[in-house]
2 protein chains.
Amino acid sequence: MTRRKVSNPLALAVLSLLRERPMHPYEMSRTLRQRNKEGSIRLNYGSLYSVVDKLMTHGLIESQETVREGQRPERTIYRATPAGQAEFEDWLAELLSTPVKEYTQFEAGLSLLPGLPPDEVANLLERRCEHLEETLAASDAVLGPGGADLPRLYWIEWDYVRAHLETDLAWTRRLVRDIRDGSLEGIGEWRRFHTTDADSDARLTSGENPAPEGDPASQTPRPPRKANARKAT
Amino acid sequence: MTRRKVSNPLALAVLSLLRERPMHPYEMSRTLRQRNKEGSIRLNYGSLYSVVDKLMTHGLIESQETVREGQRPERTIYRATPAGQAEFEDWLAELLSTPVKEYTQFEAGLSLLPGLPPDEVANLLERRCEHLEETLAASDAVLGPGGADLPRLYWIEWDYVRAHLETDLAWTRRLVRDIRDGSLEGIGEWRRFHTTDADSDARLTSGENPAPEGDPASQTPRPPRKANARKAT
DNA sequence: ACTCGAATACTCTACGTCGAGTATTCGAGT
DNA sequence: ACTCGAATACTCGACGTAGAGTATTCGAGT
């Protein structure tokens, strides 16, 4: 059990909307889209309807009425209960005050980085830099003189994401440089493993067994496949 | 279908390990833990075994033998196939070269920020700053003179995470300041909605409808519960 | 000789999520 | 009067994941 009865952040957005005024689910999705919360809160129908259900069963929202306009399918209109109000405030407070560790794809990639040869990695990271530059440029275009420029309060999430994008870009550039000019600590060993013999990178991804510098590869206890390792595929 | 046959990054770690040498699942988990990849790749048994299964059925790994030592349960030892090798390289290359948008809890929180009154938000964010400081200090302690200090290559993920933590802290501090000294654009409206009348923040979370300044709260179309909203909890 | 906790080595299931699919209706154009 | 695409308003099932639970075994201590 994940502490909250409903843990998907989408539920928080739903509560937020229902604090404003009663709505039916489809309107919630439309509204979130219009206010481009989609950029910061994952939204899809499956999750939306199941989240609304769960909020109901836990008494955080209640159905106010069921109406049908014209020949459209029926729609159930929900409103927040006092418990729902409280949950919203408590949950939002938690999100704002308490950082949680989140796993990113790139982090996973970095931690296995020695699995590819240094020069290739440098090229790949350079591609990453290009992508990041494009994304930054695009976000400039959206928030700049072109689009509606609202006060900062209303695009505060974008600002946050932007700051991280910039850090990411700067950090990645530095890493590329450090690989290219050979100043990255440990690169000697890394390069050796990818040139001297086929493609053994045993324990190179490790971080265990500091390997006291000097004493080549003698202690690596790996007999198996090696000569024909690269020829395949 | 998510492009890759197996999409959990844990599978990438498994392939990485099996490139080094054949192993059984439990040993994989032990090894990942020892090398503290747990910090960057989510690891739990359920996922591990199901990921290994899927890798098998897709021909990316194969079972080499099944052994039993002493009275311990049987263990199946797996090794990577050539297809698995290729998948590893391709996947890792993608992770390193192509940034993907990931949704964070905090971002979600930020985007709903006007749901709480400015002063409370400032306090909450300050708490966040304290947490971030602690985390940074802790990571210093681990990587600093105390722990084993390996070459940078081996804690590159940590370095990356650290950079983002620092950005996060700086950014959050700035925001707190801007709220406190009232220099955040839009804070007037925000504050007004939380003081003039109870706790209406209608369309304040929006970013739609710029609201041409002047024309108090006349247009807010919300009658419901209001006086007793804050007294609860 | 016995205890008790840590480590070994998984299994199982409830739960959440994703997103393609469906069926209808409205409105702009010809 | 008709067409055709966009919007409305959801449903459904396959899939992935979390993590508590289970059962055993080893080793340190008394």
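Letters go in sequence order (proteins before strands), and every chain restarts at 1.
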Would you please confirm or rule out a distance under 4.0 Å between OP1 or OP2 of [N] and any side-chain N or O of [X]?
X: A:R30; N: D:dA9; value: yes
X: A:H24; N: D:dT8; value: no
X: B:N8; N: D:dG16; value: no
X: A:S47; N: C:dC18; value: yes
X: B:R75; N: C:dT8; value: no
X: B:N44; N: D:dT17; value: no
X: A:R42; N: C:dC18; value: yes
X: B:Y26; N: C:dT8; value: yes

Both distances below 3.5 Å, Watson-Crick or wobble geometry, any strand: find the nucleotide opposite [N].
N: D:dC10; result: C:dG21
N: D:dG29; result: C:dC2
N: D:dA18; result: C:dT13

Nearest-Å distance, [atom1] ([X]) to [atom2] ([N])?
X: A:Y49; N: C:dT22; atom1: OH; atom2: P; value: 18 Å
X: A:L32; N: D:dT8; atom1: CG; atom2: C1'; value: 16 Å
X: B:E27; N: C:dA7; atom1: CD; atom2: P; value: 17 Å
X: A:L48; N: C:dG19; atom1: CG; atom2: P; value: 15 Å
X: B:M23; N: C:dT8; atom1: CE; atom2: P; value: 14 Å
X: B:R33; N: C:dC10; atom1: CZ; atom2: C1'; value: 13 Å

Side chain to side chain contact (heavy atoms under 4.5 Å, CB included) partner of B:L48, the single match among B:N8, B:L32, B:L10: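 The side chain to side chain contact (heavy atoms under 4.5 Å, CB included) with B:L48 is passed solely by B:L10 among B:N8, B:L32, B:L10.
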
A:R75 charged N/C atom sitting above A:Y26 aromatic ring, 6.0 Å / 45°: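 The answer is no, since A:R75 fails at least one limit relative to A:Y26.
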
B:Y160 and B:H164 aromatic ring geometry - parallel, tilted or perpendicular at 30°/60° bounds: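 Perpendicular.
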
Pair A:R35 + A:E20: basic N to acidic O under 4.0 Å: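 Judged by the 4.0 Å cut-off on N to carboxylate O distance, A:R35 and A:E20 do form a salt bridge.
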
No-hydrogen, no-angle side-chain donor-acceptor test under 3.5 Å, A:N36 and A:W155: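 Looking only at side-chain atoms, A:W155 and A:N36 do not form any donor-acceptor pair under 3.5 Å.
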
Atom pair CD (B:E166) and CH2 (A:W171), whose distance is rounded to the nearest 0.5 Å: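 One gets 13.0 Å once the value is rounded to the nearest 0.5 Å.
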
Straight-line distance of A:S40 OG to A:I156 CD1, nearest 0.5 Å: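 The distance works out to 11.5 Å.
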
Interface residues of residues 51-62 of chain B with DNA chain C (non-hydrogen, below 4.0 angstrom):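 Heavy-atom contacts with DNA chain C come from no residue of residues 51-62 of chain B; none.
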
